[in-house]
Trainee: 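Structure incoming, see below.
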Amino acid sequence: MSRTITIDPVTRIEGHSKITIQLSDDGQVEDARFHVTQFRGFEKLSEGRPFHEMPALTARVCGICPVSHLTASAKTCDALLAVTPPRTARNLRRIMNLSQIIQSHALSFFHLSSPDLVMGMDADPAKRHLFGVAQAKPQLAMDGIALRKFGQQIIELLGGKRIHPAWIVPGGVSHPLSAEDRDTILAMVPEALVQAQRTLDWYKSVFGQFSDEIRTFANFPTLFMGMVNPEGLMSMYAGKIRIVNAMGEIVADQLEPSSYQQWLAEAVEPDSYLKSPYYKPMGYPEGIFRVGPLARLNLIKACGTTRADEELAEFRGLQRGAVLSSFHYHYARLIEIIYCIERIRNLLNDPDILSDHVRAHAEPNAFEGVGMSEAPRGTLLHHYKINRDGHIEWVNMIIATGNNNLAMNKGVYQVARNFIRGEKIQEGMLNRVEAVIRTFDPCLSCSTHAFGQMPLQVQLLAPDGAVLDERFQA
Amino acid sequence: MKRSSKASIKTLKIDGIDVAAREHETILELAQENGIFIPTLCHVEGLSEYGGCRLCMVEIKGSNRLLPACMTTVEEGMEVVTNSEKLQSYRTMIMDMLFSERNHICSVCVSNGNCDLQYMSVKLGMTHIGVPYLNPSVPVDTSHDYFVMDHNRCILCQRCVRVCGEVEWAATKGVMGRGINTRIIHDLNQPWGDSDTCTSCGKCVNICPTGALFEKGKSAGEMVKRRDWLPYLKLMHED
Ligand code: SF4
Ligand code: SF4
């Protein structure tokens, strides 16, 4: 079903996704593709605007992770100003970014995916939603809602009660953190840690039942890309790029975000508006990589926080080398929630966090800037060019969902091959195709607007292109 | 505006309420003194009246024309109506046109949350814009060292022009063109930063009701206009 969701005149994201599955002459699945249309015209909108507007403007690209765009955009603007924001400002931005990751991961895991995990992939779609989970596993549903709220509350406390906080600004943040707000957040931490740990323990007790899905949900060797700090520890806000291969071996390390064009290239698929980035030295399609929680856990040396590192050690035991099944994105997401909570606590305990020196002021000093950060769904990159007057002339954004595009296509293909029988689309197959895409948590507006049900059109095509079967998931 | 010391008192009715006014007072001033709301965007106490935004139109008994409250002086026995269905529909129409004529994207605007135009649209109960957007391509002038002029957000209220000429006495800002092609200009239509007359006092920036004039470096929602000096305008002006 194609639906246009217009959020406001700035966003205009088309939440429209479609999957086509192509059968060969002998009735086997030959190809499967995930088509997406989004962000058209966004770059045009930014043209000629003063670059200071970009954080707020790009925050509207996505209603789900505005903070991630704010962060990447503000870092790009820092580069244009050629300033380093004060340490406290960097840490405050980190806290907001981590909170965003928590709330987004909670949404993905609990609201969107837990119905599949609790009720099973073949359950009646009419019962497979968060309310069903609330009946079957009330504690789980409550923890999910609480964790999402935890992230949202911190964002609100830092940025003021706005859906799109404009608190992260070029040069730093707009106002410091009060002692009262710090204490409020710190007081919420222990409870959040308990909730996250309880969920993870539950997940570890059930994911074994999904061996078929683990085997077939985009389970194949790829590269993994993400940011690390100079010591190779997890870093969501600042750092450089590391790429590991399917064996977990480092292929490239400490790549400069600002020179991304040297090591990253984008392939344009004729049938999707999502561009598909790949690691340039290895070419296309060998250079395809995955980003996001699974990738990050595969490539870091350690998280750098106690509990998350204990869980990471166990996670690494799943497989020698890198963990390859995209089903484990769920697992990785839960570990990251724990990491984010611990990290927020540590940052808040830094005595400098209350400093009121939170913004560097400058005129634009560079005509080109790149900013990179880790968003819930993976590495996010903004790249702007401005003229002498500080007006935007050119914009490029590489978004996490785009980064995972090639892997998502392969995942859909894998599931289709394993679960398509004959010339009909069965319910269980439909659910699994939807679920494999959901493991990547793509930030299509539709995936959350429909609250757990992705408006999706699936077509089964004969070798000559005739439509054999068609299903809508709404 | 010179006022005679022996001003005579006039009595009239606004919305059925008996009010007493000084001679030469405008209906708008009188209404504001009595806490009666009449919308306006171009009027600023202490500056000359321009009568350009037309939001303050009122009905006067015995006249079949609508009259701008800011330009109409009180008369003995007048009966003024400040709010009626007809006035409401006219006012919304004016607001529709103000919004559609340029590009107002509040969510990313520096003045979001602190904007007179936005405030007025809420106050007048607007829920949508009733005419198609023109989406014009208009420039942003960032040539000044401290300030930005974003024509996308300008409503041509000419507050900036008046404060610049009447209070700062620089007369840097002016108006050029007609109809929808009207633009605020600096000196002889040159970039603001190249102006020889601008003293960089910032009065225009702070008096501007919208995000059209703002301080450089401000991000969305960050531009809060400082208006605490406005009450002194009148004094400065009269001296
Ligand atoms: S000037 Fe006011 S009404 Fe126009 S976009 Fe800015 S905030 Fe909105
Ligand atoms: S710049 Fe501001 S004060 Fe000047 S005319 Fe435009 S809206 Fe009015």
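Owing to the predicted nature of the structure, the values given are computational and were not obtained by experimental measurement. Order of the sequence lines fixes the chain letters, A, B, ..., with proteins taken first and strands second; residue numbering starts at 1 for each chain.
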Trainee: Report which part of B/K216 has an atom under 4.5 Å of a heavy atom belonging to chain A: side chain, backbone, both, or neither.
Mentor: side chain
Trainee: So, does B/R54 use its side chain to make a donor-acceptor pair with the main chain of B/G51 at under 3.5 Å?
Mentor: yes
Trainee: Which bit of B/D145 is near chain A, if near means a heavy-atom gap under 4.5 Å: side chain, backbone, both or neither?
Mentor: backbone
Trainee: So, B/K173 versus B/H186: side-chain donor-acceptor pair below 3.5 Å or not?
Mentor: yes
Trainee: Find out whether the Lys NZ or Arg CZ of A/K75 is both under 6.0 angstrom from the six-membered ring centre of A/Y237 and within 45° of the ring's axis.
Mentor: yes
Trainee: Below 4.5 Å from any heavy atom of chain B, which atoms of A/P55 appear? Answer side chain, backbone, both or neither.
Mentor: neither
Trainee: Kindly say whether B/W192 contributes a backbone atom to a donor-acceptor pair with the side chain of B/D141 at under 3.5 angstrom?
Mentor: yes
Trainee: Please rank B/V148, B/V140, B/N152 by heavy-atom pairs under 4.5 Å with chain A and give me the top one.
Mentor: B/V140
